[in-house]
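To keep things clear, I will list the structure first and then write my remarks on it.
Owing to the predicted nature of the structure, the values given are computational and were not obtained by experimental measurement. Quick note on labels: first sequence line is chain A, next is B, and so on, each numbered from 1.
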There are 2 protein chains.
Amino acid sequence: MTSHPESASCPTSEKPYHHGDLRRQILDEAARLLREEGEAGLSMRKLAQNLGVSRTAPYHHFADKQALLCGIAEEGFRHLREVVRTPPYIEGAEISEAAVRVFVRRYVQFSIDNAEYYELMFGARLWKSQQLTESLTVEAHNAFKVYIEQIRVWQQSIRNPNIDPLRFAQVSWSTLHGMSRLLIDGIYLDATAINVMSDTAAKMFWQQLCPPSQVAS
Amino acid sequence: MTSHPESASCPTSEKPYHHGDLRRQILDEAARLLREEGEAGLSMRKLAQNLGVSRTAPYHHFADKQALLCGIAEEGFRHLREVVRTPPYIEGAEISEAAVRVFVRRYVQFSIDNAEYYELMFGARLWKSQQLTESLTVEAHNAFKVYIEQIRVWQQSIRNPNIDPLRFAQVSWSTLHGMSRLLIDGIYLDATAINVMSDTAAKMFWQQLCPPSQVAS
DNA sequence: CAAGCAATCTTGACACTGTCTATATTGAAC
DNA sequence: GTTCAATATAGACAGTGTCAAGATTGCTTG
């Protein structure tokens, strides 16, 4: 641990001019502020003050507030990909209604557990600004690609040619996203109903993927 | 038209101290600013300046910015109720997949055509603030009640006892809301796919309401 | 018609915000 | 050891929401 005394990990020094780990701490503190006080409670100045640096110090790590928010959202996407892409679903060996149910529950749970990230990841604040970080757009597109791939695997596993994977991905993701937002934004208040709603959605998806009886037209 | 010359419709007078129609104009100009410049472009001061009144004049019609936003959202809900509740759907005489399709398209179209209202009506900005106007909460609850009623009528018309109206309302509304938000927030960019997505969603709803063959378990 | 009152509008002020500029300090490279 | 780029700093400016105190008006009541 302490084998590299000349490294930046020396918290005992009074107040080193160079903070050393500021970027990381900015991202963490910003997420904390968002979670605890909402978007209105996050300001660059308060952020700096809470970390004990000057007001303009964060601007050496993020071009502006927008770039900081992009940075937070980016971390959120990396996190989301991990959560959604957990085996065995991507392998698609044994697709079933239960598997879909787990998938839905996981997505919704992620959005609730990481509400402050989710709001940035899919909020107009970033996407309508035309000022997205390049790394963020890459990360976001990757996430959607993984989702479509998941749908495609399900479809092939079931051999249902009536499903257009892209369309089904768009609509099913809309459902997940809609549920998440309604819960996060405080419109659906009954938190105990989350699982029931998730299962209802999963059942709806499953009936689309694998209808009880094939109908020609 | 001009039969009441002593009414407040006298625009030729230079600059009457009492504006006369300020509240209405504030709501309109605020919606215009939101639509054209986004939420960041709406400020109480700019609003006042554009209308040619002092900075604090709007505060005599709205307690604070939050109350103004509530006022805009309220108008949005009234508008939404009109759009969704158009006959013959609430009567439910002839429910069909086509009717569901029209319903879905209408909802999504409303959200796109009135994006600046929709964002406020269903945004965290208002709902998580714990400072909702009372008239707004009433209006919003009414909207959801109408929606559930719609679902109930459909269900009874179809005689499918397997559907829990509340659950189905929650999930289907999530889908509509999710699609709307993804489009409004600029995440789903391909505007030409809106109708295809809407119809895919309608088909999914219809298959839930009226499955091809009843399955016991 | 006069007086008064409540609604409406105004200016002034305060604390806060994002962000630009110019300056200072530092760790590392040559 | 000098130089340089990265990093930190204070100062300043325009913009924000909103409170307090005063000015102007139209309606109401006598």
Q: Provide the closest heavy-atom pair for B/L34 versus B/E39 in the form atom of the first, atom of the second, distance.
A: CD2-CA, 3.6 Å

Q. From the list C/dT11, D/dT7, D/dG17, which nucleotide is the closest neighbour of the side chain of A/H60?
A. D/dT7

(Q) Tell me which residues in residues 119-131 of chain A lie within less than 4.0 Å of DNA chain C, going by non-hydrogen atoms. (A) none

Q) In whole angstroms, how far is the P atom of C/dA7 from the CG atom of B/D21? A) 19 Å

Q: Quick one: which residue pairs count as a salt bridge (Lys or Arg N to Asp or Glu O under 4.0 Å) with a foot in residues 186-195 of chain A, not counting sequence neighbours?
A: none

Q.
Does C/dT10 have its OP1 or OP2 closer than 4.0 Å to a side-chain nitrogen or oxygen of B/T56?
A. no

**Q.** Which residue lies more 5' along DNA chain D, comparing A/R55 with B/K46 via nearest heavy atoms
**A.** A/R55

Q. Distance only, no hydrogens: is a donor on one side chain within 3.5 Å (strictly under) of an acceptor on the other, for B/Q155 and B/R152?
A. no

Q | Atom-pair distance (CE on A/M44; C1' on C/dG18), nearest Å | A | 8 Å

Q.
Does D/dA8 have OP1 or OP2 under 4.0 Å away from a side-chain N or O of A/H61?
A. yes

Q: Please determine, for the side chain of A/A57, which listed nucleotide (D/dG11, D/dT9, C/dG18) has the closest atom?
A: D/dT9

Q: For DNA chain C, find the residues of residues 63-73 of chain B with a heavy-atom distance under 4.0 Å and give them by number; none if there aren't any.
A: none

Q. Could you state the CD-P distance from A/Q25 to D/dT7, rounded to the nearest angstrom?
A. 15 Å

Q: Give a yes-or-no answer on whether the side chains of A/Y118 and A/H79 include a donor-acceptor pair shorter than 3.5 Å.
A: no

Q. Just how far, in rounded Å, is P of D/dT16 from CD of B/E37?
A. 11 Å

Q.
Which label fits A/F103 and A/Y147: parallel for a plane angle under 30°, tilted from 30 to 60°, or perpendicular past 60°?
A. tilted

Q. With distance as the sole criterion, is a donor-acceptor pair present between the side chains of B/Q66 and B/S129 under 3.5 Å?
A. yes

Q) How close or far is atom C1' of D/dT16 from atom CZ of A/R45, stated in whole angstroms? A) 12 Å

(Q) Just to be sure I understand the rule, does A/S54 reach a base, reach only the sugar-phosphate, or reach nothing, if contact means heavy atoms closer than 4.0 Å? (A) base

(Q) Any donor-acceptor pair under 3.5 Å linking the side-chain atoms of A/Q170 with those of A/R167? (A) yes

Q: Could you check how far OH of A/Y59 sits from P of D/dA10, rounded to whole Å?
A: 16 Å

Q: If the plane angle is over 60° it's perpendicular, under 30° parallel, otherwise tilted; pick one for B/W173 and B/F122.
A: perpendicular

Q. Does one side chain, of B/Y117 or B/S111, offer a donor that lies under 3.5 Å from an acceptor on the other?
A. no

Q. For the pair made of CG in A/L51 and C1' in D/dT7, what is the distance, rounded to whole Å?
A. 15 Å

Q. Roughly how many Å is it from CD in B/E39 to C1' in D/dG17, rounded to a whole number?
A. 14 Å

